[in-house]
Colleague: 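Before we start, here is the structure in question, set down as structure tokens.
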Protein chains: 2
Amino acid sequence: MSAESPVRIGFQPVRPVRAYQRVAEQIEERILAGELPPGSRLPAERELVRQFDVGRSTIREALRVLQSSGLIRSRPGDPLGAEVLGVSPDTLSHALGRLARSHLSSLAELIQFRMVLDAESYRLAARLHTEEDLRRLTELADRMGECVSCDPHAFSEADAQFHRVVAEASGNALLALCARAVHDAVVDAIEGELVRAERDGDAGEWMRRSVVHHREILAALRASDGGRAARLGREALFEHYAPHLPERDRERLRAALD
Amino acid sequence: MSAESPVRIGFQPVRPVRAYQRVAEQIEERILAGELPPGSRLPAERELVRQFDVGRSTIREALRVLQSSGLIRSRPGDPLGAEVLGVSPDTLSHALGRLARSHLSSLAELIQFRMVLDAESYRLAARLHTEEDLRRLTELADRMGECVSCDPHAFSEADAQFHRVVAEASGNALLALCARAVHDAVVDAIEGELVRAERDGDAGEWMRRSVVHHREILAALRASDGGRAARLGREALFEHYAPHLPERDRERLRAALD
DNA sequence: CCAGGCGACTGGTCAGACCAGTTGATCGAC
DNA sequence: GTCGATCAACTGGTCTGACCAGTCGCCTGG
């Protein structure tokens, strides 16, 4: 402590703002504000150099930041310039995947989180779903049934789509995006395990069980019984993943079953 | 369809991988694998140029990508090189904030999502909480009570911390991070509304109500009644935000009440 | 002992060059 | 005429070399 501390008036420490940051912020602002809609094109880099009056490396670093955020995409030789992609959930998936990979969150946490998001999707979807949603879900459940013991890849694809449709039927895009990101992260993280299980020969069995689960959930949705659908969804995920987890994690997952 | 379609063997379209991408991936890999723990330093850019055998602009673009992902931080003049920060939830918050800002999700969706995440935090926390958690929550609720009609800013801070402690007590770091990110996004988005409400003079009233809600939730948590805590949490959020939403959105929020 | 200055670094920025890829107009063969 | 190759004018990706303003450690003069 100094002898006389000067009067504190709310001065903020001024941190230098890099040129590439300001460029990136300006462009991001335009994109988020809708002035640069998805599909539109940014000027060429050398043109941006003129407009922003900075060096090309500065422009390129700014574009790199935007690209790593998934806001734009560029392709060498494209005379139209970088393409605006708009806000996409991929960044979210990426960030979630990184978190899942790092020690910050274990696979069990990821699955538990997926149980939460899926269950709440079901709960909301049970109230809001349309006939069209039900038709698509029925179709996807049927396709899953067809793919058992013939095409595991198509099965997974139909399964993923089933969850995606439910999440969208929940009426909450944010919830749907997060659910999808977590779904992808789980699939990425446990793919190896599932392949191993398949080698062990019980592949057809869990697929059949999964189809039954999905049909039950679908029935609950059709009956607009959100609580039941949510519970079934949690149980399905638990049954699906618990065998591949150590006992300690399994216990934690059980806590999310309710 | 062409006359003779060649035999399909699983060739993947080879997409060019940029040099800066490979550099960024290599470094990210080391960080995620824990070989470069938080706090450690990357070599200087010119040293990386030698190690990776690429130009400095390539190195810089790679570092820019890593920096925008929050994995590293660099400071001009630092003779130690860029600092490794490790995986942080900030990227997630940032991505969520962008999603919230874009047309992809309205404020109502954001709040609905927060109702879901908070409620599930309560449900899990009710099972897992420790005495220490309860002590901290009691303290925070008390502080909220003290701040009513004296320091709205401190009130908000205590409120935010209450939710953060609950989320951490849920035992799921991922859930906690998302809940925090969504909380921040909601606060960012509706700050203006709350200030307006405060001007209208009912500030003290909703703060008092909020304190009551938090105490009720705390009691439910103490009783390990997760279902009750979850329901109370949803109701508290609904009551808090519904008045500031148009009727249509309010209806959608009600759906999440259960 | 300490203050101040002097390098030797750092990251941030710029300018200019080259490469490989894309595109569209041009031009020649049919 | 149409079609296909050619070519020039772009694009983004990369490299080089330079300069600036900071930051740090050392070293020197007091």
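Proteins come first, then strands; the chains are lettered A, B, ... in the order of their sequence lines, and each starts at number 1. All heavy atoms count here, side chains included; hydrogens, waters and symmetry mates do not.
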Colleague: Within a radius of less than 6.0 Å around CZ of A:Arg136, do more than 12 heavy atoms belonging to other residues, nucleotides or ligands occur?
Modeller: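 No, CZ of A:Arg136 has 12 or fewer neighbouring heavy atoms, counting only those of other groups under 6.0 Å.
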
Colleague: Would you say the side chain of A:Leu175 lies within less than 4.5 Å of the side chain of B:Glu109, judging by non-hydrogen atoms?
Modeller: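 No - every pair of side-chain heavy atoms lies 4.5 Å or more apart.
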
Colleague: Rounding to an integer number of Å, can you tell me how far A:Gln67 CD sits from D:dG12 P?
Modeller: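 Distance, rounded to whole Å: 11 Å.
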
Colleague: Would you say a side-chain N or O of A:Arg64 is under 4.0 Å from OP1 or OP2 of D:dG13?
Modeller: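 Yes, such a contact exists.
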
Colleague: Indicate whether the side chain of A:Asp159 and that of A:Ser156 have a donor and an acceptor atom separated by less than 3.5 Å.
Modeller: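 No - no donor-acceptor pair under 3.5 Å links their side chains.
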
Colleague: Quickly work out the A:Arg73 CZ to D:dG12 P distance and round it to whole Å.
Modeller: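 For the pair A:Arg73 CZ and D:dG12 P, the rounded distance is 14 Å.
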
Colleague: Pick the closest DNA chain C nucleotide for B:Leu63 and for A:Pro79 by heavy atoms, then say which residue is nearer the 5' end.
Modeller: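 The answer here is B:Leu63.
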
Colleague: Please determine whether a side-chain nitrogen or oxygen atom of A:Thr58 lies at a distance below 4.0 Å from atom OP1 or OP2 of C:dC14.
Modeller: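 Yes.
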
Colleague: Using whole Å, what does the distance between atom P of nucleotide D:dC10 and atom CZ of A:Arg41 come to?
Modeller: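 Going from A:Arg41 (CZ) to D:dC10 (P), I get 18 Å.
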
Colleague: Measure up the A:Phe162 and A:His214 rings against each other and bin them: parallel (under 30°), tilted (30 to 60°), perpendicular (over 60°).
Modeller: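 Plane angle over 60°, so perpendicular.
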
Colleague: What integer distance in Å separates B:Glu45:CD from D:dC19:P?
Modeller: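 Result: 19 Å.
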
Colleague: What is the separation between atom CD on A:Glu83 and atom P on D:dG12, rounded to the nearest whole Å?
Modeller: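 Nearest whole value for this atom pair: 13 Å.
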
Colleague: Which nucleotide, D:dT23, D:dT14, D:dG12, lies nearest any side-chain atom of B:Arg18?
Modeller: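 Nearest to the side-chain atoms of B:Arg18, counting from C-beta on, is D:dT14.
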
Colleague: C:dT10 P sits how many Å from B:Ile59 CD1, rounded?
Modeller: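 Those two atoms, CD1 and P, are 13 Å apart.
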
Colleague: Could you tell me the separation between the CZ atom of A:Arg60 and the P atom of D:dT11, rounded to a whole number of Å?
Modeller: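 Checked: the CZ to P distance equals 13 Å.
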
Colleague: To the side chain of B:Val54, which of D:dG13, C:dT13, D:dC15 is closest?
Modeller: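 Looking only at side-chain atoms, B:Val54 lies closest to D:dC15.
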
Colleague: Take atom CZ of A:Arg50 and atom C1' of C:dC14, then tell me their distance rounded to the nearest Å.
Modeller: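 Rounded to whole Å, this separation is 16 Å.
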
Colleague: Of the candidate nucleotides C:dC14, C:dG11, D:dG12, which contains the atom at the shortest distance from the side chain of B:Arg56?
Modeller: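 It is C:dG11.
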
Colleague: Before accepting this row, confirm whether a basic side-chain N of the pair A:Arg64/A:Glu61 lies closer than 4.0 Å to the acidic partner's carboxylate O.
Modeller: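 Result for this pair is no, no salt bridge flagged.
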
Colleague: Please compare B:Arg46 and A:Gly77 by the position of their nearest nucleotide in DNA chain C and report the one closer to 5'.
Modeller: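 Its nearest nucleotide being more 5', the pick is B:Arg46.
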
Colleague: Respond yes when some side-chain nitrogen or oxygen of B:Ser74 is under 4.0 Å from OP1 or OP2 of C:dG12, and no when none is.
Modeller: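 Checking B:Ser74 against C:dG12: at least one side-chain N or O falls below 4.0 Å of OP1 or OP2.
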
